[in-house]
Amino acid sequence: MTEPEILVERDGGRFHLRNAWMSYVIELQGDRLLHRHWGPRLERYEGTAVESLASRGFAAVVDDEADSPSYPEAELSELSLPYEGDFRQPSLVVRRPDGYWASRLRYCGYEVVGELLAPEGLPHIRRRDDAAAKTLTLRFEDAVSGLSVRLHCAILEEGPVVIRWMEVANEGGGPLLIERALSAQIDLPYDDRMLLTLHGAHLREFQIERSVIAHGTFSVSSSRGASSPHHHPFAAFCEPAATETAGEVRAVELVYSGNHIVSVERDHYDHLRLGIGINPEGFVWELGPGDTFTTPEAVLVYGNRGLNGMSRTFHELWNGRLTPPLWAHRLRPILLNTWEMCYFDVSEERLLQVIDEAADLGFELVVLDDGWFGERDDSRSSLGDWTVNPRKFPRGLAPLIDAARERGMGFGIWLEPEMVSPRSDLFRIHPDWAVRIPGYEPRLSRHQLVLDLTRDDVRNHVIGKLTDLLEANPVSYVKWDMNRHITDPGSPTISSTRTGEFSHRYILGLYRILDELTRRFPEVLFENCSSGGGRFDPGMAFYMPQTWTSDNTDAVSRQRIQYGASLLFPPVMMTSHVSTCPNHQTGRNVPFATRAAVASSANMGYELDILDLSPEERELVRAHIERYRDDRDLVQGGEFFRLESPFDGDTCAWMLTDPARTRAIVHWFTVIGNPVRQGYRLRIPYLDSRKAYVEAGSGRRYGGDELAGSGIAFVPPKTDYPSVRLEFRAL
Ligand code: DGJ
């Protein structure tokens, strides 16, 4: 592979970051950092596309007397402060001790290092010994306020990726207040681009939305203390004609799990400003003299191979440089989870039967979900009391762990470590450990409160409790849940000038706990969950390599959810379970083959009552598990491509293949069987056009180019919610 480069041109005035796939060019104009190019790799950059800046009405000017004065509001800029004449949404807002805003930055120099720098204390794209990276750091200062900024911009060897983040320091004598510190700002010409975002809700995560970018400002954000299922910290600008297979896409994603914003401004000169970072709403950070504030990383992806091209870049980046390296390339166990089987009604007797049966059916891990601890019989009590319920499990968890082990399986447990129930011993002893704004009763959600992870003592308690629990009960898996979001963001330990720091401090506290526990228990597979995909983001994925994608296990709803999630996350990071019918969330009856196909397209497990299966159903489950075991390499270690979008029509299709294209599985679904159109045709553009393939079900032969150019025709079974599985093997 070609080494990534950072070319320093024009006597240190222009920086050209490039690798085999892309170029990113930024340039200094006086003290202002301007955006020049984010697109395909360029052998040379000469600035031919720079718009000439004739004097603009109402525009403030820098260097009025210069030959080419600059007009901040007309330029494409990478860093902007308020009140400097830019007039658009700034990326950095800092108040001086006298209450005014820092409004001028002076450029002070740059450094290039041949490695990937990363923000301390925050999840990040990891260094790799076998793949190079380079980081450019640009320094700016404001002598009046003492504000100092280090803007970092890194380029990797292995994909069209740029990583951006900032450090904001106080080199003055008095306190500064940061009111907004985005991770990245990028200005682009509008060029008729469309915006693509992901919205959702509990049970309906990762819904794809394309919108026209109108003049003005549009943003997606979260102020819920978690990245949320409602708006993902992601946006992509696409050519209007961009499809899954073709077209230019520029995407950004934030490596962060808390309050975020992605804002898009189309201004009066038809420039687009994209800002991504911590949500400034409710955020104020007091920066004492000598202090530094560090933003999370923003990941910028460029591609000209459509949305699938963008997704491939994200998938490889997360697998190659984000999730814990120990887990990234390990096949994940096929698990049985007790939630939709037992809910809170778990007991040793029932679990021992379940373990027996699970082993017989071929499962590799049994997960004891909620209900095993304290006095937990419903969601009203016991969070925080992480001791085994003696009524349900009189001999503790050891007999279950042993029974699973003896049968060659792992055993896992559910935890919700960030929470406390008002009805718990923990709350009775430490009522002050719950997040609250002094003077108000904190709002309950799912009958629970949030533990104040901004505090050292609370964090140490959580780490200590979980360490004891996991040492006493050597489980191989933990499901880390978070079933409410944060209201009343306050803490008695936070001083009156620092209340706006709470939400970010909470996330930093959570990251510290996760860092410590995943270091102490590296062999435990941690699964991230927040009532499903309520906090499914790269920040959490840095610590936990897989996430329960949605509490909605209905295979029809899941087609959209998984299709949307796959824009960013590969199948191995998304867990998906076969559940019973009628489905517990939607009441739908979906054929087993369709349920199995949807779950088998991701990191697969089950959650249904395996003790209540008919002999025929047992055989179906057994055969399905066997088949998934055969396909697992392809699903979890291969490449994933979307073929037909359930957001555009009645059908959904995707494909899993190995990098060499020797084998591929295609799953096709439709929601409503169509009596008129009984045959369907699907084009499969991602096989090897020079190879010939046999389709395993029919035994028919096809050319790879034929499958791409002409497609394959098939008739789906006559049923509601049918699915078709096609399996191609290269001859
Ligand atoms: C929400 C999760 O998403 C479910 O799978 C289950 O673990 C429940 N919480 C348990 O309370």
Side-chain angles (χ1 to χ4, degrees), residues 200-206 224 226-230 257 332 335-347 351 354 365-386 389 392 411-424 444-451 475 477-485 525-537 540-541 544 546-555 557-558 561-562 565 573-580 583-586 595 598-599 602-609:
H202 178 226
L203 307 178
R204 190 173 52 84
E205 295 84 348
F206 291 106
R224 315 175 68 100
S227 50
S228 90
H230 308 93
S257 313
R332 310 296 164 75
L335 65 81
L336 175 80
N337 177 295
T338 57
W339 181 239
E340 287 195 15
M341 169 180 7
C342 309
Y343 291 104
F344 296 95
D345 190 13
V346 289
S347 65
L351 259 290
V354 166
L365 171 73
V366 170
V367 176
L368 174 55
D369 207 283
D370 203 345
W372 60 266
F373 54 92
E375 290 169 17
R376 183 98 161 159
D377 288 322
D378 55 33
S379 59
R380 292 179 175 271
S381 84
S382 303
L383 295 173
D385 297 346
W386 302 113
N389 179 311
K392 298 182 186 183
F411 189 77
I413 51 169
W414 175 97
L415 289 166
E416 201 177 354
E418 297 159 70
M419 299 293 152
V420 61
S421 305
R423 270 172 47 198
S424 66
L444 289 170
S445 174
R446 210 200 191 206
H447 318 288
Q448 63 200 54
L449 296 169
V450 183
L451 283 174
V475 293
Y477 162 108
V478 163
K479 178 172 170 188
W480 184 294
D481 208 345
M482 187 229 196
N483 287 305
R484 65 158 294 174
H485 288 156
L525 171 59
F526 283 85
E527 179 161 332
N528 173 41
C529 175
S530 174
S531 294
R535 200 171 53 184
F536 188 171
D537 57 65
M540 297 306 281
M544 303 197 246
Q546 59 189 53
T547 297
W548 178 227
T549 316
S550 177
D551 271 356
N552 190 339
T553 60
D554 171 80
S557 311
R558 274 288 187 136
I561 294 169
Q562 291 177 201
M573 290 174 72
M574 281 186 234
T575 56
S576 187
H577 296 171
V578 177
S579 64
T580 195
N583 177 267
H584 289 193
Q585 290 78 43
T586 61
R595 286 181 279 151
V598 170
N603 185 338
M604 196 275 281
Y606 272 64
E607 58 179 282
L608 48 72
D609 192 350

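Any value given below was found using the heavy atoms of this structure, including those in side chains, with hydrogens, waters and symmetry copies removed. Atoms within a ligand are numbered from 1 in the order they appear, just like the ligands themselves.
Of the possible donor and acceptor atoms, one in the side chain of Asn528 sits under 3.5 Å from a partner among the backbone N and O of Arg535. At distances below 3.5 Å, at least one donor-acceptor pair connects side-chain atoms of Thr575 with backbone N or O atoms of Thr547.
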Which protein N or O atoms sit under 3.5 Å from any N or O of ligand 1? Give atom names and distances.
unit_1   : atom_1 : unit_2 : atom_2 : d
ligand 1 : 3 (O)  : Gly532 : N      : 3.2
ligand 1 : 3 (O)  : Asp551 : OD1    : 2.3
ligand 1 : 3 (O)  : Asp551 : OD2    : 3.3
ligand 1 : 5 (O)  : Lys479 : NZ     : 2.7
ligand 1 : 5 (O)  : Trp548 : NE1    : 3.4
ligand 1 : 7 (O)  : Asp369 : OD1    : 2.7
ligand 1 : 7 (O)  : Asp369 : OD2    : 3.2
ligand 1 : 7 (O)  : Trp414 : NE1    : 3.0
ligand 1 : 7 (O)  : Lys479 : NZ     : 2.9
ligand 1 : 7 (O)  : Asp481 : OD2    : 3.4
ligand 1 : 9 (N)  : Asp481 : OD2    : 2.7
ligand 1 : 9 (N)  : Asn483 : OD1    : 3.4
ligand 1 : 9 (N)  : Asn483 : ND2    : 3.4
ligand 1 : 11 (O) : Asp370 : OD2    : 2.6
ligand 1 : 11 (O) : Arg446 : NH1    : 2.9
ligand 1 : 11 (O) : Arg446 : NH2    : 3.0

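The side-chain tip of Arg558 points at the ring of Trp548 from less than 6.0 angstrom away and within 45° of straight on.
Checked by atom type, the side-chain pair Gln585/Ser557 shows no donor-acceptor distance below 3.5 Å.
In this structure, Asn483 and Glu416 approach most closely via the heavy-atom pair N-OE2, 2.6 Å.
Checked against Lys392 for a salt bridge (charged side-chain N to carboxylate O under 4.0 Å, His left out), the options Asp370, Asp345, Asp377 give a single hit: Asp377.
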